Amino acid sequence: MDVSRRSLLRSSLIIGGVSALGTDLFGTPVWAKTLKTAGTTLAQTVARGPAGAGGYAKLATAAGEPHLVRTDLGVPAGPDREHDREPVLAFAQISDVHIVDDQSPMRVEYVDRFEDQYAAGDPTLNLLQSSYRPQEMLSAHIAESMVRAIKQIGSGPVTGAPLAFTLQTGDNSDNSQYNEIRWNIDLLDGGKQIVPDSGNLTKYEGVADNNKTYYDPHYWHPDAPPAGKSADIAKTRWGFPTVPGLLDAARKPFQSTGLGMEWYSAFGNHDGLVQGNFPNS
């Protein structure tokens, strides 16, 4: 069959016009053909890997989870919903990022060891729970990874509508500190150099360091213990790994990617209170 330039142009205009209306020639919504599942839980999920000696386990990837339609919230979903629905708005939501200055003298990691007394029935120690988390030196890097993932996904996984904005719903910092809030803002904005370090910028000064004088086995120390000191409890009891150089790597400056869209933020208790519990003045 011969196809003239004129007929080809006419067909292109028809197809273009139908696409502008949101459907192709077969009546299928255009957005339904451009779904992005990569980077979402539709493609894969995070699972707990095999536990080693003591119980420590690395993260592993697992199969994705299907999108489920709720049928218990009102009118049952119609059988033709995938064809008839029109996306109104798509946005990303992040919460409880808890960007931490883990070298700050305002940290109260030392009270975490009293949690056993709270578990034994002392209610006065309720506010001391979870005052220490071994991975805190990596909080800025985790937030950066989350921002990159949101930017890469770029659209709602079901509707395909582009993300209009990101909403951050509290606990953006951990200790109500200016530098933590500043890191959070610069991570979301992008194009900024992030220096996840404080105090003396030539060395790490938190509880995870290997200073022989102050070495405390109650905290995880990524490096091998100093000469004459035994391995920390996290390694001997729970099987935490030795990761030489992690503390210095965590302090290195990096360039923030940014969301590439508008973002809005609300304060949580950790953004206005020390450790989320106590007034900052």
Side-chain angles (χ1 to χ4, degrees), residues 39 41 43-64 94 96-105 107-116 119 128-149 171 173-175 180 183 187 194-254 256-257 270 275:
T41 53
Q44 68 178 26
T45 55
V46 177
R48 189 175 187 269
Y56 179 87
K58 294 183 178 180
L59 296 179
T61 57
I94 54 179
D96 293 85
V97 179
H98 286 269
I99 296 179
V100 179
D101 175 10
D102 76 312
Q103 300 176 71
S104 170
R107 304 300 299 169
V108 291
E109 303 100 334
Y110 56 89
V111 301
D112 195 70
R113 66 194 68 180
F114 298 118
E115 186 172 342
D116 290 341
L128 306 183
Q129 285 188 298
S130 302
S131 299
Y132 166 67
R133 297 170 291 268
Q135 73 278 9
E136 287 180 336
M137 76 287 290
L138 299 173
S139 59
H141 302 81
I142 295 171
E144 169 68 11
S145 295
M146 193 177 341
V147 167
R148 291 182 184 183
D171 286 357
S173 65
D174 191 71
N175 211 31
E180 293 175 344
W183 291 337
L187 284 167
I194 308 296
V195 184
D197 200 355
S198 64
N200 187 339
L201 300 185
T202 65
K203 61 181 180 179
Y204 179 86
E205 299 174 290
V207 297
D209 69 7
N210 264 28
N211 187 312
K212 186 175 181 179
T213 303
Y214 306 109
Y215 181 84
D216 189 335
H218 286 89
Y219 308 115
W220 176 52
H221 300 265
D223 291 291
K229 299 291 184 179
S230 59
D232 57 60
I233 295 174
K235 293 176 182 176
T236 58
R237 182 182 300 176
W238 308 116
F240 274 53
T242 297
V243 188
L246 176 64
L247 297 179
D248 286 334
R251 297 186 302 109
K252 289 183 178 179
F254 63 88
S256 61
T257 301
H270 282 263
Q275 292 287 305

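What you are looking at is a predicted structure, and each value in this text was computed from that prediction instead of being measured.
- When atom types are taken as modelled, the side chain of N210 and the backbone of A224 share a donor-acceptor pair closer than 3.5 angstrom.
- Put simply, the side chain of S139 gets close to the backbone of V100: a donor and an acceptor are under 3.5 Å apart.
- Looking only at distances, a side-chain donor or acceptor of T45 sits under 3.5 Å from a matching main-chain atom of A63.
- Taking 4.5 Å as the limit, every side-chain heavy atom of S173 sits out of range of all side-chain heavy atoms of I99.
- Counting heavy atoms from C-beta outward, N200 and Q103 have side chains that stay 4.5 Å or more apart.
- With no hydrogens or angles considered, no side-chain donor-acceptor pair links Y219 and D209 at under 3.5 Å.
- Within the 4.5 Å cutoff, no side-chain heavy atoms of S256 are placed close to those of W183.
- What you find for A62 and A47 is that their closest heavy atoms are CB-CB, 3.8 Å.
- Of all non-hydrogen atoms in H221 and D216, the two that sit nearest each other are NE2-O, 2.8 Å.
- A donor-acceptor pair is defined here as one N or O able to donate and one able to accept, closer than 3.5 Å; such a pair exists between the side chain of S145 and the backbone of H141.
- Side chain of Y215 to backbone of S230: a donor-acceptor contact under 3.5 angstrom is found.
- Nearest approach of P196 to A140, heavy atoms of both residues: CB-CB, 4.1 Å.
- With rounding to the nearest 0.5 Å, the separation of NZ in K235 from OG1 in T242 is 3.5 Å.
- Two residues are said to be in side-chain contact when any heavy atoms from C-beta on lie closer than 4.5 Å; L138 and L246 meet this criterion.
- Nearest heavy atoms, Y56 versus G239: CB-O, 3.4 Å.
- Within the model, atoms CG of D232 and CZ of R237 stand 11.0 Å from one another, a figure rounded to the nearest 0.5 Å.
- Note that CZ of R107 is 4.5 Å distant from CG of D174, once rounded to the nearest 0.5 Å.
- Two residues are said to be in side-chain contact when any heavy atoms from C-beta on lie closer than 4.5 Å; L247 and D223 meet this criterion.
- For the pair D101/N175, no side-chain contact is recorded, criterion being any heavy-atom separation below 4.5 Å from C-beta on.
- Judged by distance alone, the side chain of W220 and the main-chain N or O of P241 form a donor-acceptor pair under 3.5 Å.
- When side chains are defined from C-beta on, Y204 does not count as touching N211, because their heavy atoms never get closer than 4.5 Å.
- Between A57 and G49, the closest heavy-atom pair is CB-O, 3.4 Å.
- Of all heavy-atom pairs between M137 and D102, the closest is CB-OD2, 3.4 Å.
- The neighbour count for K229 NZ, taken as heavy atoms of other residues, nucleotides or ligands under 6.0 Å away, is above 12.
- Counted by atom type alone, E144 and T257 present one or more donor-acceptor pairs between their side chains at under 3.5 Å.
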